[in-house]
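Quick caveat: nothing in here was measured; it's all calculated off a predicted structure.
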Amino acid sequence: DTEVTQTPKHLVMGMTNKKSLKCEQHMGHRAMYWYKQKAKKPPELMFVYSYEKLSINESVPSRFSPECPNSSLLNLHLHALQPEDSALYLCASSQAPFTGELFFGEGSRLTVL
Amino acid sequence: DAKTTQPTSMDCAEGRAANLPCNHSTISGNEYVYWYRQIHSQGPQYIIHGLKNNETNEMASLIITEDRKSSTLILPHATLRDTAVYYCIVRLSYTGGFKTIFGAGTRLFVKA
């Protein structure tokens with residue numbers, strides 16, 4: 001199994017809603033990542049979890065709250081988002097933290113109304 | 001931090017080799033060069049990486065200059081399915097490890 005699975009594929013939410021994005025991998029990888037990608041732009045690193053601990057937060061606003069319940073799961077909790085937060089949110093994993101290639105999921109496309 | 005410079009876009013005829021250049025003149029000695037591609041509406045896909053030596057796998061070849069200031073990704077026989085944005089990434093070292101930071105990339109169009 002070499003897949004990173006992200007759910008939901010599409011999400012529409014209002015600015016007052018609370019929602020979550022979910023990411024799952026069963027490759028035994030010990031690092032997981034969230035990237036944000038706006039249209040026609042490269043992915044931007046948001047968070048890195050290493051051995052289930054938050055290692056990097058790239059100055060992301062607190063309305064985005066990551067969570068790593070176990071080594072296979074990564075969540076991104078969303079609250080009080082703005083329309084400019086609409087983007088493709090990509091999850092990735094790597095075998096060891098900060099080394100090796102990243103395996104990406106297909107992304108969750110978020111629209112904030 | 002090492003940054004990369006790539007052409008905005010390139011064309012390639014189907015069946016021909018696609019050579020995608022990348023400049024990374026400020027690369028440090030322990031920073032690897034990685035290549036990913038992103039086909040429309042999909043997540044990025046790892047292609048290949050290297051430190052000093054040239055590398056080849058089933059997808060592509062990576063040629064790194066001796067001074068490591070530039071590299072070229074070679075797709076030997078491009079197909080229409082290779083149309084994508086190709087990202088050259090220098091995995092940046094920082095205290096505690098490395099970060100994978102994407103640059104603007106090259107949009108490759110493979111034409112029949």
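- Put simply, the side chain of A/Tyr33 never gets that close to the backbone of B/Thr100: no donor and acceptor are under 3.5 Å apart.
- Put simply, the side chain of B/Pro44 reaches to within 4.5 Å of the side chain of A/Leu90, judged on heavy atoms.
- One hydrophobic cluster, built from ILVMFWY side chains closer than 4.5 Å, cannot hold both A/Val48 and A/Tyr51; they sit in different ones.
- Neither A/Leu88 nor A/Phe47 shares a network with the other; the hydrophobic side chains, linked directly or stepwise wherever heavy atoms of I, L, V, M, F, W or Y lie under 4.5 Å apart, form separate groups for each.
- Going from atom OG of B/Ser41 over to atom CZ of A/Arg109 covers 6.0 Å, rounded to the nearest 0.5 Å.
- Here the CZ atom belonging to A/Phe104 is positioned 8.0 Å from the CD atom belonging to B/Gln38, to the nearest 0.5 angstrom.
- With a 6.0 Å radius and a threshold of 12 heavy atoms from other residues, nucleotides or ligands, B/Lys111 has its NZ atom at or below the threshold.
- B/Ile39 and B/Leu73 end up in different hydrophobic clusters when Ile, Leu, Val, Met, Phe, Trp and Tyr side chains are linked at under 4.5 Å.
- For a residue to count as touching a neighbouring chain, one of its non-hydrogen atoms must lie under 4.5 Å from one of that chain's; by this rule A/Gln6 does not touch chain B.
- Heavy-atom contacts from other residues, nucleotides or ligands closer than 6.0 Å to CZ of B/Arg16 number 12 or fewer.
- Inter-residue side-chain proximity for B/Tyr34 and A/Glu101 is flagged as met; some heavy-atom pair is nearer than 4.5 Å.
- Within 6.0 Å of the CD atom in A/Glu58, the count of heavy atoms belonging to other residues, nucleotides or ligands exceeds 12.
- By the rule that hydrophobic residues join a cluster once side-chain heavy atoms approach within less than 4.5 Å of another member, A/Leu21 and A/Val112 end up as members of one cluster.
- Heavy atoms of A/Leu45 lying under 4.5 Å from chain B belong exclusively to its side chain.
- In this structure, the separation between CZ on B/Phe102 and NZ on A/Lys41 is 15.5 Å, given to the nearest 0.5 Å.
- Neither the backbone nor the side chain of A/Glu44 comes within less than 4.5 Å of any heavy atom in chain B.
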